[in-house]
4 protein chains.
Amino acid sequence: MSSPDRPLRTDAARNRELLLAAAEEEFAEHGPSASVAAIARRAGVAKGTVFRHFATKEDLIASIVSGHLTILTAGIARLADAADPGEALLEFLTVAADQRQQHDVDFLWTLSEGDPRVTELRDQLYAGIELLVDRARAAGAIRSDVTSTDVFLLMCAPVHVVANLPNPAPELWKRYLAIIFDGLRPEGASPLPQPAPTLP
Amino acid sequence: MSSPDRPLRTDAARNRELLLAAAEEEFAEHGPSASVAAIARRAGVAKGTVFRHFATKEDLIASIVSGHLTILTAGIARLADAADPGEALLEFLTVAADQRQQHDVDFLWTLSEGDPRVTELRDQLYAGIELLVDRARAAGAIRSDVTSTDVFLLMCAPVHVVANLPNPAPELWKRYLAIIFDGLRPEGASPLPQPAPTLP
Amino acid sequence: MSSPDRPLRTDAARNRELLLAAAEEEFAEHGPSASVAAIARRAGVAKGTVFRHFATKEDLIASIVSGHLTILTAGIARLADAADPGEALLEFLTVAADQRQQHDVDFLWTLSEGDPRVTELRDQLYAGIELLVDRARAAGAIRSDVTSTDVFLLMCAPVHVVANLPNPAPELWKRYLAIIFDGLRPEGASPLPQPAPTLP
Amino acid sequence: MSSPDRPLRTDAARNRELLLAAAEEEFAEHGPSASVAAIARRAGVAKGTVFRHFATKEDLIASIVSGHLTILTAGIARLADAADPGEALLEFLTVAADQRQQHDVDFLWTLSEGDPRVTELRDQLYAGIELLVDRARAAGAIRSDVTSTDVFLLMCAPVHVVANLPNPAPELWKRYLAIIFDGLRPEGASPLPQPAPTLP
DNA sequence: TATGAATGAGCGTTCATTCAT
DNA sequence: CATGAATGAACGCTCATTCAT
């Protein structure tokens with residue numbers, strides 16, 4: 001009685017995870033034009049199975065992005081009251097870059113922009129980042145003219161920078177995160193030429 | 001009558017430029033999936049004419065990227081012996097981003113990775129960047145642990161960061177270039193966690 | 001306990017009827033392309049259950065048509081010895097059209113043409129119609145050059161004619177049955193230009 | 001100069017006609033589910049060619065129906081001032097049934113209901129039928145309670161009736177047209193049980 | 001040289017059908 | 001018996017590319 005219909009769901013859930021992983025890899029390798037057929041093949045299932053789990057290719061993309069966003073937001077919760085706010089923000093950016101497992105699938109964010117789930121999760125994530133950034137700024141760990149939107153936008157840069165290399169070292173992104181984070185520190189900050197943007 | 005086949009050549013050259021411009025706009029608007037038909041339509045020529053000028057769609061992309069690379073390399077020549085090497089490097093990065101500002105066609109670089117023309121021009125550009133970076137480092141304008149490859153990889157970041165916003169202010173990228181360039185300065189530089197990569 | 005497997009059988013029989021009704025409605029609403037999934041959903045059962053009751057979609061269609069044919073044949077039995085043979089034939093055609101009135105599923109007849117059950121029931125119905133037509137002709141209620149095959153073929157026409165209208169009045173078919181039946185009467189009959197066909 | 005670009009168009013026009021003919025045959029044989037691939041195969045062209053000529057399958061269907069409607073309307077023009085209005089109406093119904101070449105593609109009318117071209121042509125045809133019917137009624141050739149809408153709806157019936165037969169004689173539809181037309185005559189007309197419908 | 005009609009592989013998606021649970 | 005996850009063939013449609021004119 002306690003879990004009467006789980007057995008079937010076990011297989012289905014496994015396929016769902018296989019598909020999400022396969023899709024992420026295919027998108028990382030072939031960009032937005034990765035085909036559903038290739039994703040299915042990589043996951044070891046038939047094409048039709050993809051559509052049992054995700055109504056459309058767009059829905060699949062939104063599900064990948066939702067997973068990312070959820071992990072990121074969860075990460076923030078653990079860092080929200082860390083002793084060192086500067087360290088906490090750096091740690092968040094580290095987690096943010098790391099959880100993509102070197103996959104530069106930034107473009108999926110763009111492709112899923114209209115999805116309501118994604119919009120909601122993105123707003124939650126944004127609120128969390130605002131918290132971290134406010135605390136870091138209050139603690140003097142980052143320059144005063146940098147906003148949470150700046151951090152939100154810069155978050156993806158380290159992985160993307162590295163993606164221009166054919167076979168990047170697995171943790172090379174840490175190098176560029178360090179450089180960019182140094183640019184956020186108060187030390188030696190030059191005035192910023194443009195006002196901070198706001199999210200729509 | 002004095003030069004019987006010049007008019008045609010002139011037309012052909014003009015068509016080539018029209019096509020490159022149209023293609024850049026189409027790619028900027030519709031991403032990598034911009035269609036040859038739409039490019040031809042925008043250029044005001046028939047589809048077949050595209051293939052008279054560019055063997056394949058890939059070749060067209062490589063031609064666009066080649067144009068960009070050539071302009072960038074030419075820009076370096078003008079900056080190579082500037083009085084202030086730090087300013088010269090920043091100026092180069094500004095020009096580099098500015099050129100893309102109107103059209104974020106970063107992804108075309110990735111799509112044209114295998115093209116020999118692009119590889120050659122990229123290597124030339126890389127050599128030019130090395131020059132600027134070496135001079136800037138020697139002048140103490142940038143930190144000593146940053147290499148020309150780092151700069152090469154970071155070059156596209158400001159425009160890319162901004163591309164995550166739906167309707168970015170036209171010069172917003174300057175804000176992120178300033179932040180990233182601050183990260184390249186010697187002041188307050190923290191040690192970099194990973195060795196600099198090398199280009200293949 | 002006294003009849004241990006009756007409850008299940010009862011459920012099964014109920015499901016069968018639910019499915020037939022649901023299928024008829026789905027076919028009426030969506031035409032021949034009504035999907036098995038939608039039928040199952042409307043009947044409140046799982047897709048697999050449809051195939052437990054009907055080997056294929058074709059078999060389901062044939063079962064619907066068989067039901068219609070059975071009802072029609074049964075109707076003839078009641079009319080076979082009516083006092084007024086002309087009235088009996090008209091009454092039969094009225095019942096035949098009325099049965100379809102709610103759901104114009106004419107096309108199902110065509111789709112089930114090869115089914116042996118349907119063929120057998122159709123032959124029985126045909127025999128019944130022959131009886132009615134022969135009596136009506138003998139009584140002088142219909143013209144002498146009209147055969148039972150003619151009536152068989154014309155039987156569906158009133159409903160079909162009306163189906164060309166988006167929102168026909170529920171009994172509009174009666175208007176066209178009246179016109180067509182007038183064409184079958186001896187009064188003012190013009191000679192028929194082609195010999196009567198025979199059923200295969 | 002008088003026909004500078006016709007040569008290419010000749011082939012294209014021929015393909016267009018081949019496709020329309022092939023489509024009509026495929027639809028007649030397989031109903032609404034006739035596939036574009038099969039139509040292309042029957043026409044002897046590649047699948048893509050279908051879509052060069054007709055934007056969608058729906059557009060192809062609407063083009064077929066438009067052709068039918070145009071022919072019918074043209075036929076009316078020739079009959080509009082015939083000496084015998086009753087004969088003219090019968091002649092029109094004969095042409096209407098004949099031009100379908102025994103193909104019962106009634107359902108295409110329904111499938112193309114939303115197309116503006118079809119709607120316009122249908123209205124023109126309807127106006128023409130109204131003319132013929134009014135004249136025939138004024139001449140006493142048809143009963144007074146029959147309207148042009150009735151004739152419009154009954155127009156397809158002869159061919160449809162015959163379509164229920166596997167291998168009907170090529171002109172068998174004339175038999176049922178005669179019966180139905182007899183039903184429209186004033187002689188022996190019984191009162192009609194339902195008011196005449198109006199087109200939307 | 002320029003055109004645009006034709007091609008056919010490939011795409012996202014649907015759906016009748018099967019079968020492990 | 002019923003379920004619903006999985007299958008894979010087929011569908012409508014797109015598009016880079018070819019080639020007769």
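We name chains A, B, ... by the order of the sequence lines, and we start the count at 1 in each one. Both backbone and side-chain heavy atoms feed into the values below; hydrogens, waters and symmetry mates do not.
- The existence of a salt bridge linking R122(C) and D115(C) is excluded, since no basic side-chain nitrogen approaches an acidic carboxylate oxygen closer than 4.0 Å.
- Take the nearest nucleotide of DNA chain F for G48(B) and for G44(A): the residue whose nucleotide is more 5' is G44(A).
- For H53(B) and dT1(E), the shortest distance from a side-chain N or O to OP1 or OP2 is not below 4.0 Å.
- Here the C1' atom of nucleotide dC15(F) and the CZ atom of F27(B) are 13 Å apart, to the nearest Å.
- Place A55(C) and P32(A) on DNA chain E by their nearest nucleotides, and P32(A) ends up nearer the 5' end.
- Projected onto DNA chain F by closest heavy-atom contact, V50(A) and S33(D) fall at different nucleotides, the more 5' of which corresponds to V50(A).
- Residue T49(D) places no side-chain N or O under 4.0 Å from the OP1 or OP2 atom of dA5(E).
- Within 4.0 Å (heavy atoms only), A34(A) reaches sugar-phosphate atoms of the nucleic acid but no base atom.
- Within a 6.0 Å sphere centred on CD of E113(B), other residues, nucleotides and ligands contribute more than 12 heavy atoms.
- The interatomic distance linking E26(D) (CD) with dG12(F) (C1') rounds to 15 Å, in whole Å.
- With L108(D) as reference, L111(D) is the one residue of T110(D), D106(D), L111(D) to meet the side-chain contact (heavy atoms from CB on, under 4.5 Å) rule.
- Looking at the side chain of T56(D), the nearest of the listed nucleotides dC13(F), dT13(E), dT7(E) is dC13(F).
- No contact: A40(C) has no heavy atom under 4.0 Å from any strand.
- Below the 3.5 angstrom threshold, one finds a donor paired with an acceptor across the side chain of K47(A) and the base of dT13(E).
- Computed from coordinates, the I61(D) CD1 to dC11(F) C1' distance equals 14 Å when rounded to whole Å.
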L60(C) vs V36(C), side chain to side chain contact (heavy atoms under 4.5 Å, CB included): CA-CA, chis, key distance, verdict: CA-CA 10 Å; L60(C) 168 57; V36(C) 172; 5.6 Å; no

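- One can place CZ of F51(D) at 17 Å from C1' of dA16(F), the figure rounded to the nearest angstrom.
- When heavy atoms are screened at a 4.0 angstrom cut-off, S35(D) is found touching the sugar-phosphate backbone but no base atom.
- Whole-Å rounding puts the H30(C) NE2 to dC15(E) P distance at 10 Å.
- As a whole-Å value, the separation of N15(C) CG from dT3(F) P is 7 Å.
- Note: I64(C) CD1 to L69(C) CG = 12.0 Å, rounded to the nearest 0.5 Å.
- Taking atom NZ of K57(C) as the reference point, atom P of dT18(E) lies 15 Å away to the nearest angstrom.
- Between the CZ atom of F54(A) and the C1' atom of dT14(E) there is a distance of 18 Å, given to the nearest Å.
- In this structure, F107(A) and F27(A) have perpendicular ring planes: the angle between them is above 60°, well past the 30° mark.
- The 5' end of DNA chain E is approached more closely, in terms of each residue's nearest nucleotide, by A46(D) than by the other of R41(A) and A46(D).
- With a 3.5 Å ceiling on both atom-pair distances, the Watson-Crick or G-U wobble partner of dA2(F) is dT21(E).
- Remark: dC15(F) base-pairs with dG8(E); criterion is Watson-Crick or G-U wobble with both hydrogen-bond distances under 3.5 Å.
- At the phosphate of dA5(F), OP1 or OP2 sits under 4.0 Å from a side-chain N or O atom of R52(A).
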